[in-house]
Peer 1: 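Next up is a structure, given as structure tokens.
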Amino acid sequence: MASILNRLLETFARIGATPDGGVCRLTGTPEDGGARVRLAAEILSRQFGLHVDPIGNMFGIATLAPSSQEAVLVGSHLDSQPTGGRYDGVYGVLAGLLAVEAVVARAAAEPGKARRNLVLANWTNEEGARFQPSLTGSSVFAGTLALDAALGLIDGAGVALGEALAAIGYRGTADLPLQPRRYVELHVEQGPLLEVEGIEIGVVTGCWAARKLSLVFHGEPSHTGPTRMARRRDALRAAARAIELHHQLIEASGSGAHASAARITVDPNSPNVTPSRVQVWFEFRHEKAAVAVALGDAFLAEARPAVAPLGVDIEIAVDEQRGTASLDPHGAALTTAVARELDLSSMEMKTIAGHDALALNKRMPASLIFVPSQGGLSHNPAEFTDEAALDKGLAVLTEVLWQLVTEE
């Protein structure tokens with residue numbers, strides 16, 4: 001029989017389900033709204049308080065210590081990539097829900113033991129698939145992204161994030177009425193390391209650095225039929241040359257960096273007009289910030305002269321640098337100890353992907369816990385983590401939260 005957690009995951013996987021077994025639940029869409037409505041019902045059915053802040057972050061508040069304004073936060077996100085699976089993000093939210101429920105029951109059985117409250121969080125637009133940048137809601141909560149700037153983010157159709165949240169009824173008006181002291185997030189690994197090593201719990205101690213560049217290639221519109229080839233200033237051809245250069249640079253560097261050119265927009269996007277404006281999003285990730293930065297610099301230095309003969313100019317639209325970071329050492333040590341107590345194997349590791357925990361770590365001590373991903377697949381409909389592994393992560397999360405709300 002499926003566990004309660006797995007049944008919840010199956011329920012949420014039907015909201016925004018795609019024909020290939022995946023999930024498409026972009027921020028501010030009706031599918032996102034449907035998942036939020038269902039989460040709100042789950043929160044209220046457990047007698048937790050429901051709160052939505054101005055950027056649409058959802059909170060389920062469990063009052064364990066009425067005299068305290070302190071709270072431990074736990075959660076993740078419900079939004080997905082267009083080709084999302086059924087575990088990324090939503091696992092941390094639903095496991096968090098059940099962990100909070102278990103801690104509430106334990107606190108009731110041991111009155112006076114809890115010293116602070118517990119809050120479940122669903123962070124807005126973690127994925128950044130519809131609105132960029134990613135980690136939007138958690139960054140606003142952490143104070144590193146201005147609320148007005150976040151609400152004003154525009155998608156490809158010209159819709160603002162604030163408008164999209166209002167349309168689904170999830171743009172709140174007030175901040176969380178508690179003082180967050182720590183944050184814990186449970187997530188599928190999205191990589192192969194735990195599976196390869198045969199380890200049950202990943203204790204994330206920090207993250208890789210990332211440099212994200214968005215370049216605009218400026219050419220000139222012209223008829224694709226009669227315009228002579230030598231006369232054309234084809235922005236798409238220039239972008240293609242830069243994309244290939246980008247991959248060649250990474251391969252030649254031997255640095256072990258991860259890199260991609262994964263999004264492109266073309267104007268005027270007509271088969272009979274030479275592309276005049278093309279924007280491409282590039283990124284470089286490495287465990288050392290200096291390497292990620294240097295790779296970006298080398299790429300920019302080579303890209304401009306490479307496309308110049310095509311009569312195309314390059315504009316840097318975005319140059320975002322995310323450094324390495326260390327997560328809460330106390331939380332990491334506690335997670336390792338809890339895994340040991342539960343007779344589960346664990347290992348320390350770093351995350352290459354971005355997570356809300358990394359944004360929130362700038363405001364409060366944050367912890368990130370991984371469970372294995374089959375084949376390391378993620379942002380893919382075939383993403384899978386077996387039920388036993390999911391339940392082991394939930395067991396660890398529950399005990400970690402109990403320790404955090406009761407410790408002095």
Peer 1: Tell me whether the centres of the aromatic rings in His246 and Phe284 are closer together than 6.0 Å.
Peer 2: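 For His246 and Phe284, the ring centres are under 6.0 Å apart.
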Peer 1: Can we say Arg130 and Asp155 salt-bridge, meaning some charged N sits less than 4.0 Å from an Asp/Glu carboxylate O?
Peer 2: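 Between Asp155 and Arg130 there is a salt bridge, with a charged N closer than 4.0 Å to a carboxylate O.
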Peer 1: Could you tell me if the side chain of His258 sits less than 4.5 Å from the side chain of Trp208, heavy atoms only?
Peer 2: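 Side chain of Trp208 against side chain of His258, heavy atoms only: contact under 4.5 Å found.
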Peer 1: For residues Phe59 and Phe141, establish whether the separation of their ring centroids is below 6.0 Å.
Peer 2: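 So the answer is yes for these two rings.
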Peer 1: If you take all heavy atoms of Asp175 and Pro54, which pair is closest and at what distance?
Peer 2: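 Nearest pair, atom of Asp175 first, then Pro54: OD1-CD, 3.6 Å.
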Peer 1: Could Glu70 and Arg116 be called an ion pair, given the rule that one side-chain N must be under 4.0 Å from one carboxylate O?
Peer 2: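 Arg116 and Glu70: salt-bridged.
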Peer 1: State whether a side-chain donor-acceptor pair under 3.5 Å links Ser214 with Gln279.
Peer 2: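 On atom types as modelled, these side chains qualify, holding a pair under 3.5 Å.
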Peer 1: Could you go through Glu407 and Arg115, starting from their C-alpha distance and side-chain angles, then the distance that decides it, and tell me whether this counts as salt bridge (Lys or Arg N to Asp or Glu O under 4.0 Å)?
Peer 2: CA-CA 7 Å; Glu407 67 182 8; Arg115 297 173 179 271; over 6 Å; no
Peer 1: Please tell me whether His355 and His187 form a close aromatic pair, meaning their ring centres lie under 6.0 Å apart.
Peer 2: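 Aromatic pair counts; centres sit under 6.0 Å.
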Peer 1: Using only heavy-atom distances, determine whether the side chains of Asp328 and His330 contain a donor-acceptor pair under 3.5 Å.
Peer 2: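 Side-chain D/A pair, Asp328 to His330: absent.
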Peer 1: For Thr18 and Gly22, indicate whether the former's side chain and the latter's backbone hold a donor-acceptor pair under 3.5 Å.
Peer 2: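 Yes: the side chain of Thr18 pairs with the backbone of Gly22.
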Peer 1: Are the side chain of Gln321 and the backbone of Lys212 linked by a donor-acceptor contact shorter than 3.5 Å?
Peer 2: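 Judged by distance alone, no pair lies under 3.5 Å.
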Peer 1: Take a 6.0 Å sphere around CG of Asp20 and say whether it holds more than 12 heavy atoms from other residues, nucleotides or ligands.
Peer 2: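 Enclosed.
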Peer 1: Output yes when a side-chain donor or acceptor of Asp53 lies under 3.5 Å from a complementary backbone atom of Asn57, and no otherwise.
Peer 2: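 Yes, because the side chain of Asp53 sits within donor-acceptor range (under 3.5 Å) of the backbone of Asn57.
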Peer 1: Checking Ser134 against Glu127: is there a side-chain donor and acceptor pair closer than 3.5 Å?
Peer 2: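 Checked: Glu127/Ser134 side chains show no N/O donor-acceptor pair below 3.5 Å.
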Peer 1: Looking at Arg211 and Glu283, is any side-chain nitrogen of the basic one under 4.0 Å from a carboxylate oxygen of the acidic one?
Peer 2: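 No, no charged N to carboxylate O under 4.0 Å.
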Peer 1: Between Asp88 and Gln190, is any side-chain donor less than 3.5 angstrom from a side-chain acceptor?
Peer 2: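 Yes, a side-chain donor-acceptor pair sits under 3.5 Å.
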Peer 1: Between Thr224 and Thr274, do the side chains contain an N or O donor and an N or O acceptor separated by less than 3.5 Å?
Peer 2: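 No.
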Peer 1: Quick check: does any side chain N or O of Arg285 sit under 3.5 Å from a backbone N or O of Ile352, one acting as donor and the other as acceptor?
Peer 2: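 Yes, because the side chain of Arg285 sits within donor-acceptor range (under 3.5 Å) of the backbone of Ile352.
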Peer 1: Heavy atoms only: give me the nearest Ala114-Thr406 pair and the separation to one decimal.
Peer 2: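 So the minimum-distance heavy-atom pair works out to CA-CG2, 4.1 Å.
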Peer 1: Can you tell me which residue among Leu135, Thr136, Ile55 is in a side-chain contact (heavy atoms from CB on, under 4.5 Å) with Leu145?
Peer 2: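 Only one option passes, and that is Thr136.
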Peer 1: Between the side chains of Thr124 and Arg36, does any donor sit under 3.5 Å from an acceptor?
Peer 2: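 Looking only at side-chain atoms, Arg36 and Thr124 do form a donor-acceptor pair, the distance falling under 3.5 Å.
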Peer 1: What I want to find out is whether Glu110 reaches Arg106 closely enough, with some N-O distance under 4.0 Å, to be called a salt bridge.
Peer 2: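 Yes, charged N to carboxylate O under 4.0 Å.
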Peer 1: Tell me whether the rings of Trp123 and Tyr183 are parallel (<30°), tilted (30 to 60°) or perpendicular (>60°).
Peer 2: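 Because their plane-to-plane angle is over 60°, the rings of Trp123 and Tyr183 count as perpendicular.
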Peer 1: Do the side chain of Arg25 and the main chain of Phe12 share a donor and acceptor less than 3.5 angstrom apart?
Peer 2: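 Side chain of Arg25 to backbone of Phe12, a donor-acceptor pair under 3.5 Å: yes, one is there.
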Peer 1: When you measure from the side chain of Arg233 to the backbone of Gly311, do you find a donor-acceptor pair of N or O atoms at a distance under 3.5 Å?
Peer 2: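 The answer is yes, because a donor-acceptor pair under 3.5 Å joins these two groups.
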Peer 1: Determine whether the aromatic ring centres of Phe299 and His247 lie less than 6.0 Å apart.
Peer 2: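 When the ring centroids of Phe299 and His247 are compared, they turn out to be at least 6.0 Å apart.
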Peer 1: Any side-chain donor-acceptor pair under 3.5 Å between Glu185 and Ser76?
Peer 2: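 A pair is found: one side chain offers a donor N or O, the other an acceptor, under 3.5 Å apart.
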Peer 1: Would you say Thr27's side chain and Asp79's backbone share a donor-acceptor pair under 3.5 angstrom?
Peer 2: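 It does not hold such a pair.
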Peer 1: If every non-hydrogen atom of Thr144 is compared with every non-hydrogen atom of Lys362, which pair is closest and at what distance?
Peer 2: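 Smallest interatomic distance, heavy atoms only, reads CG2-CD, 3.9 Å.
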Peer 1: Strictly by modelled atom types, are Thr83 and Gln81 linked by a side-chain donor-acceptor pair under 3.5 Å?
Peer 2: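 Absent: no donor and acceptor within the cut-off.
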Peer 1: Between the side chains of Arg263 and Gln132, is a donor N or O closer than 3.5 angstrom to an acceptor N or O?
Peer 2: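 There is such a pair between these side chains.
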Peer 1: Considering all heavy atoms of both residues, which atom of Ala65 and which atom of Asn117 are nearest to each other, and what is their separation?
Peer 2: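 Taking every non-hydrogen atom into account, N-OD1, 2.9 Å.
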